[in-house]
A.B. asks: 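Below is one structure. I have some questions about it.
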Amino acid sequence: MKDSPNPNNNTESTPGPDFIRARIAADNLSGRFNSRVHTRFPPEPNGYLHLGHSKSICLNFGVAAEFNGKCNLRLDDTNPTKEEVEYVDSIREDVRWLGGNWEDREFYASDYFEKLYGYAEQLIKLGKAYVESLSADEIREYRGTLTAPGRESPWRNRSVEENLELFRRMRAGEFKDGEYVLRAKIDMSSPNVVMRDPAIYRIRHADHHRTGAKWCIYPLYDFAHCLSDSIEGITHSLCTLEFENNRELYDWILDTLGVYHPQQIEFARLNITHTILSKRKLIQLVQGGYVRGWDDPRMPTLSGLRRRGVPAEALKEFCARIGMSRADSTVEYSFLEFCIREYLNAVDPRIMAVLDPIKVTIENYPEGETEIFDMPYHPEDPAFGKRQVPFSREIYIERDDFRLEAPPKYHRLAPGKEVRLRYAYFITCKDVIKDENGNVKEIVCTYDPKSRGGESPDGRKVKGTIHWVSAAQARRVTVRLYEHLFNTENPNAVEEGKTFLDYVNRDSLREIEALMEPAPAENTEMKQVQFERLGYFCRDKDSTPELPVFNRTVTLKDTWAKMEKKFLPKNA
RNA sequence: UGGGGCGUCGCCAAGCAGGUAAGGCAACGGGUUUUGGUCCCGUCAUUCGAGGGUUCGAAUCCUUCCGCCCCAGCCA
């Protein structure tokens, strides 16, 4: 691979800063937060990071870098029953992969459990929190509805002393799960349901992946998040739109406690067609065996994309290009593919591989002879170097590059037609050999010895150039071809009685045996390449010395396929 | 029927102390090309969810309406 291109150096039309950067710039100018910028990326370690998180990672770490600030990595681990170390490990790896550098600031909400507990007691002492005896069902009933106000709990006016005692006994483990809960005392008739005395601490007799059995009460998101931000001195707490209603509570807790108060700003979360971006649903794909794991190359997880061969740089470029706004939006999957191709085109060496081989015998080529061609790894950039490719009397070409009857504008091989074998010779189809079912199993050609290298001295033009491998020296490789994981554009929109799982594309993985030219097949250092005319591929970790495995990251743009479809809509 | 948001080209998205619609992707047309790839050139919103109003002038201000999203976890 060569050095990365720099797509950000076009000075022609740099879009203005997005609304978040504009607000931060304004705060900087006014001296708010002492003109400091400090963000955080705060995932819960309850699953693997995905495309949606990359938007947040690029935003938070990007903003910090642009404003000469800092960005923390914070694992929001307040729910021990859902969180695992496997997930925190993957999160650290994925964020690092995307270039997020949190230096020594790797924090955990669980680091603050003691402090958080102290704040909760403080809230009680302020008369702003109380221990609730109602059951979960009763609390729900008392909460009212979206249109009707709630009712106050009969336990709402316990004395501070009683609340304190009860809360301490909660911590001491004297009660069962669900027996009590600590609630903020705010306003049961607030039009914002979030403010109707939200629960801030619950009892959970469960081991926590970091604090073990030390705690049996755990703070809830609304209580832990704002205070964690406050403790870390975050200036701008960036989160997705669904937390907008929670901002009032975020502000209330901080103001009531009188502590340092960051600014929460919400942005629209990322949606992409043909995929699902929800940890809750992704985990079902993994556990239901729909994919081969969190890092299955079909998964929209960062580990899946990485294994698929998507470079971090392409993902960052994608995030930069989709922009930032507060409008719900769904980005086309093909836009991601464009960003991947754009990057890989500049960086990947070209090689030849045949995915669906059909044999070609060149009848006038001397039997038993082999010659070696030096071929550039990149047609436009000699710095990529060259490799040697053997040529002989028997070769394989792509089945799709031959037609018994050539459709209009077909530039490839057909009876009587001449094509160029890339960097080798012109060949002309003279005959075909069919099997007992009448299917073509071999093509017989002649070659023009004077066209060596792929150019004829008589200046004769051939429209088609096809790729090939020499039969005797070709290496067997496994190739995995991927399609969309879902066969619908929006797997979130399900028909009555169905779930998103009913839309999983069962043909999203096709594993085939292919043939590759020898040099790059043997060079295990060559991690990602372009198979000429086919797409970008990367070496998978399942590779063995005997049998390399390649994943198709993305196909090349295929204008011919589009044309053929248009001209012959119902054909073949 | 409560509250909070959002609606600019097929998809993203600038523009919003009013001055007469950036850019990218896609699409379409053309050129270069030993990848039907890349690259290059060109076309692509008289209109900004709809209707009223203010104004010399509105996507930007006012107003009414319509549509979509979020909130009734002891999830985050």
Side-chain angles (χ1 to χ4, degrees), chain A residues 10 12-18 42-44 46 76 78-79 81-82 132 135-136 139-141 143-150 177-183 189-196 198-204 217-218 220-222 224-225 239-248 266 268 273 279-280 321-339 341-342 345-346 350 352 378-380 409-412 420-424 426 451 453-455 461-467 530-535 555-564:
Chain A
N10 62 327
E12 285 149 27
S13 68
T14 40
D18 56 66
E44 182 189 13
N46 66 342
D76 210 353
T78 57
N79 186 353
T81 59
K82 288 191 175 171
E132 174 64 271
S135 70
I139 288 175
R140 186 178 316 121
E141 229 180 283
R143 186 151 30 225
T145 69
L146 294 179
T147 51
D177 286 9
E179 218 173 326
Y180 291 102
V181 62
L182 185 70
R183 293 229 256 170
S189 62
S190 171
N192 182 358
V193 189
V194 171
M195 298 299 277
R196 319 242 259 233
I200 56 176
Y201 259 94
R202 82 289 222 182
I203 301 171
R204 274 261 210 290
I217 57 171
Y218 295 92
L220 278 111
Y221 166 84
D222 284 304
H225 203 90
C239 62
T240 43
L241 245 25
E242 66 266 27
F243 291 102
E244 212 168 356
N245 298 317
N246 301 58
R247 190 175 66 234
E248 192 179 355
E266 311 84 15
T273 61
K279 279 194 271 192
R280 209 197 93 237
R321 285 184 183 235
I322 55 176
M324 193 59 66
S325 78
R326 290 173 64 85
D328 294 318
S329 63
T330 303
V331 177
E332 289 170 347
Y333 190 88
S334 58
F335 187 64
L336 207 212
E337 292 186 316
F338 163 81
C339 294
R341 286 192 194 103
E342 179 185 57
N345 174 53
R350 272 65 168 165
M352 292 195 291
H378 193 114
E380 279 107 39
K409 309 236 184 175
Y410 188 76
H411 295 165
R412 285 110 100 144
R420 169 167 38 235
L421 294 176
R422 171 134 253 223
Y423 297 129
F426 289 179
S451 65
E455 236 144 352
K461 299 282 182 223
V462 268
K463 275 170 281 188
T465 299
I466 64 176
H467 56 98
Q530 182 197 92
F531 290 3
E532 285 213 50
R533 305 209 303 134
L534 298 174
T555 60
L556 250 34
K557 191 173 151 195
D558 191 346
T559 308
W560 163 249
K562 202 196 298 177
M563 254 168 73
E564 193 179 23

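Bear in mind the structure is a predicted one, so any value in this text is a computation, not a measurement. Because only heavy atoms are used, hydrogens play no part in the values below, and waters and symmetry mates are left out as well, while side chains stay in.
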A.B. asks: Side chain of Leu146(A) only, please: which of rG2(B), rA76(B), rC25(B) is the nearest?
C.D. replies: rG2(B)

A.B. asks: Establish, with yes or no, whether the OP1 or OP2 oxygen of rG73(B) is under 4.0 angstrom from a side-chain nitrogen or oxygen of Arg143(A).
C.D. replies: yes

A.B. asks: Quick one: which of rC75(B), rA76(B), rU35(B) gets closest to the side chain of Tyr221(A)?
C.D. replies: rA76(B)

A.B. asks: Classify the nucleic acid contact of Phe243(A) as base, sugar-phosphate or nothing, counting any heavy atom under 4.0 Å across all strands shown.
C.D. replies: base

A.B. asks: What is the glycosidic conformation of rA17(B): syn, defined as within 90° of 0, or anti?
C.D. replies: syn

A.B. asks: Whole Å only: how far is the NZ atom of Lys463(A) from the C1' atom of rU35(B)?
C.D. replies: 17 Å

A.B. asks: When you check the gap from the basic side-chain N to the acidic O, do Glu266(A) and Arg247(A) get nearer than 4.0 Å?
C.D. replies: yes

A.B. asks: Atom CZ of Arg321(A) to atom C1' of rC11(B): distance rounded to whole Å?
C.D. replies: 14 Å

A.B. asks: Starting at atom CD of Gln530(A), determine the distance to atom P of rU35(B), rounded to an integer number of angstrom.
C.D. replies: 11 Å

A.B. asks: By nearest heavy atom, map Met324(A) and Ile139(A) onto RNA chain B; which one lands nearer the 5' end?
C.D. replies: Met324(A)

A.B. asks: Which nucleotide, in any strand shown, forms a Watson-Crick or G-U wobble pair with rG29(B), with both distances under 3.5 Å?
C.D. replies: rC41(B)

A.B. asks: Is there a Watson-Crick or G-U wobble partner for rA21(B) with both distances under 3.5 Å, and if so, which one is it?
C.D. replies: none

A.B. asks: Hey, does the side-chain of Asn245(A) have a donor or acceptor N/O within less than 3.5 Å of a partner on the base of rG3(B)?
C.D. replies: yes

A.B. asks: Nearest to the side chain of Asn345(A) - rG4(B), rC12(B), rG37(B)?
C.D. replies: rG37(B)

A.B. asks: For Tyr410(A), which contact category applies under a 4.0 Å heavy-atom criterion: base, sugar-phosphate, or nothing?
C.D. replies: base

A.B. asks: Rounded to whole Å, how long is the line connecting atom CZ of Arg183(A) with atom P of rC74(B)?
C.D. replies: 8 Å

A.B. asks: Counting any heavy atom closer than 4.0 Å, what does Glu44(A) reach on the DNA or RNA strands: base, sugar-phosphate only, or nothing?
C.D. replies: sugar-phosphate

A.B. asks: Give a yes/no on whether any side-chain N or O of Thr145(A) is located under 4.0 angstrom from OP1 or OP2 of rG2(B).
C.D. replies: no

A.B. asks: Would rG37(B) be called syn or anti here, given the cut-off of 90° from 0?
C.D. replies: anti

A.B. asks: Ignoring the backbone of Ser329(A), work out which of rG36(B), rU35(B), rA13(B) is nearest its side chain.
C.D. replies: rA13(B)

A.B. asks: From the set rG37(B), rG36(B), rA76(B), return the single nucleotide nearest to any side-chain atom of Leu556(A).
C.D. replies: rG37(B)

A.B. asks: Does the ring of His411(A) meet both stacking tests against the six-membered base ring of rG36(B): centre distance under 5.5 Å and plane angle under 30°?
C.D. replies: yes

A.B. asks: Round to a whole Å and report the spacing from CD of Glu244(A) to P of rG3(B).
C.D. replies: 15 Å

A.B. asks: Which nucleotide wins on minimum distance to the side chain of Asn192(A), given the candidates rG36(B), rC75(B), rG3(B)?
C.D. replies: rG3(B)

A.B. asks: For rA21(B) versus rU8(B), give the span between their C1' atoms, rounded off to a whole number of Å.
C.D. replies: 8 Å

A.B. asks: Using purine N1 to pyrimidine N3 plus N6-O4 or O6-N4 for Watson-Crick, or N1-O2 and O6-N3 for G-U wobble, both under 3.5 Å, which nucleotide pairs with rG2(B)?
C.D. replies: rC71(B)

A.B. asks: Taking side-chain contact (heavy atoms from CB on, under 4.5 Å) as the criterion, tell me which of Glu337(A), Arg533(A), Arg341(A) meets it with Thr555(A).
C.D. replies: Arg341(A)

A.B. asks: Choose from rC70(B), rC12(B), rG2(B) the nucleotide whose nearest atom is closest to any side-chain atom of Val331(A).
C.D. replies: rC12(B)

A.B. asks: Output the rounded distance in Å from CZ (Arg280(A)) to P (rA76(B)).
C.D. replies: 15 Å

A.B. asks: What pairs with Thr273(A) under side-chain hydrogen bond (donor to acceptor under 3.5 Å, both in side chains), at least two apart in sequence or on another chain?
C.D. replies: none

A.B. asks: If the sugar-phosphate is the primed atoms plus P, OP1 and OP2 and the base is the rest, what is the B/S/- string for nucleotides 26-31 of chain B, using protein heavy atoms under 4.0 Å?
C.D. replies: -SS---

A.B. asks: Applying a 4.0 Å non-hydrogen cut-off, can you work out what Ala199(A) is touching in the nucleic acid: base, sugar-phosphate, or nothing?
C.D. replies: sugar-phosphate

A.B. asks: Minimum heavy-atom separation for Gly454(A) and Phe426(A), please, with both atom names.
C.D. replies: O-CE2, 3.4 Å

A.B. asks: Using a heavy-atom cut-off of under 4.0 Å over every strand shown, decide if Thr273(A) touches base, sugar-phosphate, or nothing.
C.D. replies: nothing

A.B. asks: Can you tell me if the side-chain N/O atoms of Thr81(A) get under 4.0 Å from OP1 or OP2 in rC75(B)?
C.D. replies: no

A.B. asks: Can you find a donor-acceptor pair, distance only, under 3.5 Å between Glu380(A) side chain and rG37(B) base?
C.D. replies: yes

A.B. asks: When you get a sec, tell me which of rA76(B), rC74(B), rC71(B) is the closest nucleotide to the side chain of Val181(A)?
C.D. replies: rC74(B)

A.B. asks: Does Arg326(A) have a side-chain nitrogen or oxygen under 4.0 Å from the phosphate oxygens OP1 or OP2 of rC68(B)?
C.D. replies: no

A.B. asks: Which of these nucleotides, rG5(B), rC75(B), rC71(B), is closest to any side-chain atom of Val194(A)?
C.D. replies: rC71(B)

A.B. asks: Describe the nucleic acid contact of Asp177(A) in one word from base, sugar-phosphate, nothing, applying a heavy-atom distance below 4.0 Å.
C.D. replies: nothing

A.B. asks: Choosing from rU35(B), rG36(B), rC74(B), which nucleotide comes nearest the side chain of Leu220(A)?
C.D. replies: rC74(B)

A.B. asks: Without decimals, in angstroms, what is the distance between Phe531(A) CZ and rG36(B) P?
C.D. replies: 17 Å

A.B. asks: Do any side-chain nitrogens or oxygens of Arg140(A) fall under 4.0 Å of OP1 or OP2 in rG73(B)?
C.D. replies: yes

A.B. asks: Look at all strands and tell whether Pro379(A) reaches a base, only sugar-phosphate, or nothing, counting heavy atoms closer than 4.0 Å.
C.D. replies: base

